Number of protein chains: 2
Amino acid sequence: MVEDVVRSFGFLTLGTRMKRVGEKLQADTQRIMDELGAPLQAGQYPFLAAIDRLGPLTVGELAEATGVTQPGATRTVALLVELGMLDTEQSADDQRRRIVSLSREGKRLVATAKRDVWPRIDAAVTDLCGDLDGPLLEQLAAIEDGLAAAPLNRRAAKVKS
Amino acid sequence: MVEDVVRSFGFLTLGTRMKRVGEKLQADTQRIMDELGAPLQAGQYPFLAAIDRLGPLTVGELAEATGVTQPGATRTVALLVELGMLDTEQSADDQRRRIVSLSREGKRLVATAKRDVWPRIDAAVTDLCGDLDGPLLEQLAAIEDGLAAAPLNRRAAKVKS
DNA sequence: TCCATTTATATTACATGTTATATAATTGTG
DNA sequence: CACAATTATATAACATGTAATATAAATGGA
């Protein structure tokens, strides 16, 4: 077993390390969702959740709300329209804008996710991180070790009961 | 200005959020390196640093040390060989293994980076995160706000004097 | 010793992020 | 009120991660 240099380098490689931990969390989250039958990718839910919370939004507003660039938002919206989860209409007063809203199916999916899926994910992540405190690098190490010891989907199953 | 839903959702969207913060840190780090004339991408340095620290490694060991998958390591190694920073040789006792080492130029780059670049990056990130404490979500918020207020390259310039 | 299994690396296909730029609609100003 | 500048979205080109699979070498047991 070789030393994990990204972990060893401390603040110097913090960006790489946080990105890596984030990707691992997302991958584990995806597994929970797969097990529960949720039909989308983890990274797509923020788009649905943003509209659910804020009402119909333009592409640019969705980019802001989800923290991706505008081209990223354009692409994900196109995909979710393709999948039947979102509808778009041209804005009446500004023909450049596209107003994105939840389709009937999108609304159903959000309702189900809010009830059955998101609470489990939240509980699993809380199980992993909720009690953490102290310096950032120590918390990151605890998260990495915690994920290695028991991935989120195992924690979700545990918490569920 | 639209609400940042990934931030609002707390633990539920922690993976997306950490990935995003990590990407932002990396992008800022890249800008420091660009300003200092470092010729590689931020994400490529862990490969050089791993070999500098641990000596020549196989592709698989590099994957472990840098925390990427083996195909990712294969590709990055190929790129860095192309750029003249790494050399590879077939292992004598196991023809499947490729031993990856720093080229003369790679060694020179690591020496320069260790002296001139990495300390600045470390100092800038420490300026941003070094004093943080408390619950994870609060620290993440502080990092996001801190980066928005003064990106890492500004902090590097400040610390440098 | 032969051959099935395992292991190390490479390849393929894809997901999802970015930046730079194109296009079309709107706005503001001389 | 025409036209330059701005704004919203789309597209293109690329970077970098993954999983699944192919290929070639090493290993181990009948």
Side-chain angles (χ1 to χ4, degrees), chain A residues 2 6 15-31 34 40-47 56-83 86 88-100, chain B residues 2 6 15-31 34 40-47 56-83 86 88-100:
Chain A
V2 174
V6 169
T16 298
R17 191 172 176 194
M18 288 191 68
K19 191 169 145 195
R20 211 164 80 178
V21 172
E23 277 163 2
K24 186 139 202 63
L25 281 169
Q26 264 200 344
D28 275 25
T29 300
Q30 187 66 54
R31 294 188 59 187
D34 289 348
L40 296 183
Q41 297 306 114
Q44 296 167 346
Y45 282 91
F47 284 77
L57 297 172
T58 66
V59 171
E61 288 167 338
L62 268 171
E64 247 191 281
T66 58
V68 299
T69 55
Q70 170 263 309
T74 294
R75 182 163 44 178
T76 300
V77 167
L79 187 70
L80 290 172
V81 168
E82 185 74 23
L83 292 171
L86 295 179
T88 66
E89 56 173 333
Q90 213 79 15
S91 167
D93 55 317
D94 185 340
Q95 295 279 302
R96 294 169 304 178
R97 297 192 179 183
R98 279 172 67 209
I99 311 290
V100 185
Chain B
V2 173
V6 170
T16 299
R17 191 172 176 193
M18 288 192 68
K19 191 170 146 196
R20 212 164 80 179
V21 171
E23 277 162 2
K24 186 142 204 62
L25 282 169
Q26 264 201 342
D28 275 26
T29 300
Q30 188 66 53
R31 293 187 58 185
D34 290 349
L40 296 183
Q41 298 305 114
Q44 297 166 346
Y45 282 91
F47 284 77
L57 296 172
T58 67
V59 171
E61 288 168 339
L62 269 171
E64 246 191 283
T66 58
V68 300
T69 55
Q70 170 263 310
T74 294
R75 181 163 47 180
T76 300
V77 167
L79 187 70
L80 290 172
V81 167
E82 185 74 22
L83 292 171
L86 294 179
T88 67
E89 54 172 335
Q90 214 78 15
S91 168
D93 56 316
D94 186 338
Q95 296 278 302
R96 293 170 305 177
R97 297 191 180 183
R98 280 172 65 208
I99 312 289
V100 185

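Just so it is clear, the structure is predicted and the values come from calculations on it, not from any experiment. The sequence lines fix the lettering, A, B, ..., with proteins before strands; numbering per chain opens at 1. Values reported hereafter were calculated over all heavy atoms of this structure, with side chains retained and with hydrogens, waters and symmetry mates removed.
- When the C1' atom of C:dC14 is taken as reference, atom CZ of B:Arg75 falls 11 Å away, rounded to whole Å.
- Counting heavy atoms from C-beta on, the side chains of A:Arg98 and A:Gln90 come closer than 4.5 Å.
- In this structure, the side chain of A:Gln30 engages the main chain of A:Ala42 through a donor-acceptor pair within 3.5 Å.
- Each of A:Pro71 and A:Glu23 was matched to the nucleotide of DNA chain D holding its nearest heavy atom; the match closer to the 5' end belongs to A:Pro71.
- Per the geometry, NZ belonging to B:Lys24 stands 15 Å off P belonging to C:dG17, to the nearest Å.
- Looking at which nucleotide of DNA chain C each of B:Lys19 and B:Gly60 is closest to, the 5′-most match is held by B:Gly60.
- Rounded to an integer number of Å, the gap from A:Leu40 CG to C:dA15 P is 13 Å.
- Positionally, the nearest nucleotide of DNA chain C for B:Val59 lies more toward the 5' end than for the other of A:Gln44 and B:Val59.
- Protein chain B touches strand DNA chain D; the 5'-most and 3'-most nucleotides with an atom under 4.0 angstrom of its non-hydrogen atoms are D:dT16 to D:dA26.
- A:Glu82 CD: 12 or fewer foreign heavy atoms inside a 6.0 Å radius.
- For B:Thr58, the listed nucleotide lying nearest its side chain is C:dT9; candidates were C:dA10, C:dT9, C:dT16.
- Within the 4.0 angstrom heavy-atom criterion, base atoms lie near B:Gln70.
- Rounding to the nearest 0.5 angstrom, the gap separating the OH atom in B:Tyr45 from the CG atom in B:Leu80 is 9.5 Å.
- Comparing B:Asp93 and B:Gly67 by the nucleotide of DNA chain D whose heavy atom lies nearest to each, the residue mapping closer to the 5' end is B:Gly67.
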- Message: One pair to check against side-chain hydrogen bond (donor to acceptor under 3.5 Å, both in side chains): A:Gln26 and B:Thr16. What are the steps and the verdict?
- Response: CA-CA 7 Å; A:Gln26 264 200 344; B:Thr16 299; 2.7 Å; yes

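- The side chain of B:Thr74 contributes no N or O atom lying less than 4.0 Å from OP1 or OP2 of C:dT9.
- When atom types are taken as modelled, the side chain of B:Arg20 and the backbone of A:Gly22 share no donor-acceptor pair closer than 3.5 angstrom.
- Per the geometry, CG belonging to B:Leu79 stands 16 Å off C1' belonging to C:dA10, to the nearest Å.
- Here C:dT19 presents its P atom at 13 Å from CG of B:Asp34, a figure rounded to the nearest Å.
- One interatomic measurement links the two molecules: CD of A:Gln95 to P of C:dA24, which rounds to 14 Å at whole-angstrom precision.
- In this structure, CZ of A:Arg96 is placed 7 Å from P of C:dT27, rounded to the nearest angstrom.
- Rounded to whole angstrom, the span from the CD atom of B:Glu64 across to the P atom of C:dT9 amounts to 11 Å.
- Considering every non-hydrogen atom in both A:Gly15 and B:Leu25, the closest pair reads CA-CB, 3.6 Å.
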